[in-house]
Amino acid sequence: MEPIQTVKGFRDFFPEECAVRNYIFDTWRSVARRYGFMEYEGPVLENTDLFRKKSGDEITSQLFCFTTQGKDDVSLRPEVTPSLARMATARQRDFKKPIKWFQIGSCFRYEAPQAGRTREFVQFNADILGDASPATDAELIAMAIDVMREFGVSSEDFEIRLSNREIWNGFLAQFNITAEHTPTFLQIIDKIERARSEETEKKLNGIGLTLADVRTFMASADENHPAFAALRENLTARGIWQHVRIDATIVRGLAYYTGTVFEVFDRKHGLRAVAGGGRYDKLCSLMSDGKVDMPAAGFAMGDVVLKLLLEKTPGAQMKLTCALLAASSIDAYVVVVDEAQRPHALAAVQALRAAGIRIDYSFGAQKAGKQFQAAEDRKARFAIVFGAEYPEVVIKNLLARSQSSVPVTGLVEEVQRLLAEPAIGPLIA
RNA sequence: GUGGCCGUAGUUCAACGGUAGAGCCCCAGAUUGUGAUUCUGGUUGUUGCGGGUUCGAGUCCCGUCGGUCACCCCA
């Protein structure tokens, strides 16, 4: 029998990776709460029609889909926005506007895995529904910026690339290009920096435009363009406009975006976009068959590219390492030198844990040397030694290499007191 | 979906077409007066899988699965 491996593009999370994941989730969650967002969650499995409705039939080639025993055509969600649109429109009258919701959960896309792309990934989604003002867009961009800064990624390492689909609509109207050519056109713009000029020229000519027209227009679409005025004023007031760069080539694929669009990019490593989002004012109406017409905007950040960026950015790497250490270490390791004292040691373990102190110990008789080594391996701050001196117990500070003795009756209080002191030890810099 | 590179011990990697090895990890023991050292010993492989060429294949060829990178796509 061959060993059964993980499904292509899916991942195991061993404790070390799981700790990274938790750190990322915790950071997302804390920033979202700071912005007054409420957490929600939808089902991982949806009727395939939900995704067809939003994106059309051709998208189903990248869905993990199957038919259930009950003959239901279902798919693992490739994104969360359709579920959000259903949830928000179904009960929109129950919620005061604007609705500010966030979500963290796995999504699945049947694509070729490569750098920064897996078939299973986790997205952080933040959306604001029921408010069409640029203040909403600004709030989302500010949050995206703060998420990056919270991870220790500075303006040297990332930027927000901002655009607005309206400016392209204006451009197309100016040249009398009909709406049917809009998707084709946006796709050309999306690739304009990567494709060869001759190719782009040819494609543009096909819909009645020239590369020169587009280039001229792009040069004029800077931060002084009226489409960005309100956003610029808002983000300048917050003191974070310097993170933003206008980039007219940002159009966000063929999706449902109607106005502001933006992506978070790293500036040094040529990674894929870390996050992306924008305004999608028509989606709720589409998903509710016109019953609920609610403006909306949001963004999504994936865990895969983000993790790559954190590992490549020194400041972020340091924060990550500290968080991992804090998550994996324990407060104290109970060393049983004299097996006759094990019942007393177990009683102490129980009492210390009840007080919220993180404790580990050896399950069976082991030489003191082994036990101290285990304490080292677990990155314990203290060793609590149960030996012949009982009921006196020795507390050793493993970093400072100092020690004190305390009657077992006062052990919990003494350990709490010691833990409250700042840790002395080699700096993790 | 297309193409490049790669699959050898738990892990990181060696091995000219000629008997599959090392470091680390892990486990046990010794020493270190109740800790970071040192020493000794030990487990582990149908060389991803299946075919082919050859006297002989980890090595060459084909297929397949997986990994990785790029293209396509990126909700």
Aromatic ring pairing A:W101/A:Y40, orientation class (parallel under 30°, perpendicular over 60°, tilted between):
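Correct class here is tilted.
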Distance, [atom1] atom - from [M] to [N], rounded to whole angstrom:
| N | M | atom1 | value |
| --- | --- | --- | --- |
| B:rU64 | B:rU47 | P | 22 Å |
| B:rA14 | B:rU8 | C1' | 9 Å |
| B:rG17 | B:rG52 | C1' | 16 Å |
| B:rC16 | B:rU31 | P | 44 Å |

A:F158 ring center near A:H243 ring center (under 6.0 Å):
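For A:F158 and A:H243, the ring centres are under 6.0 Å apart.
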Nearest to the [X] side chain among [options], which nucleotide is it?
| X | options | answer |
| --- | --- | --- |
| A:R252 | B:rC73, B:rA75, B:rU34 | B:rA75 |
| A:R109 | B:rA30, B:rA75, B:rC71 | B:rA75 |
| A:P78 | B:rA75, B:rC71, B:rC73 | B:rA75 |
| A:K367 | B:rU34, B:rU37, B:rA30 | B:rA30 |
| A:K396 | B:rU34, B:rA75, B:rA30 | B:rU34 |

Across all strands, who's sitting opposite B:rC71 as a Watson-Crick or G-U wobble pair, both distances under 3.5 Å?
B:rG1
Who does B:rA28 pair with, Watson-Crick or G-U, both distances under 3.5 Å?
B:rU40
With ring-ring contact (aromatic ring centres under 6.0 Å, His included) as the criterion, how do A:F102 and A:W28 come out once you've worked through the C-alpha distance, each side chain's angles and the decisive distance to 0.1 Å?
CA-CA 9 Å; A:F102 81 97; A:W28 280 341; 9.7 Å; no
Which comes earlier along RNA chain B counting from the 5' end, the contact point of A:K8 or that of A:F51, where each point is its nearest nucleotide?
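Residue closer to the 5' terminus by nearest nucleotide: A:K8.
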Pick one: which of A:I128, A:L129, A:L84 meets side chain to side chain contact (heavy atoms under 4.5 Å, CB included) with A:I99?
A:L129
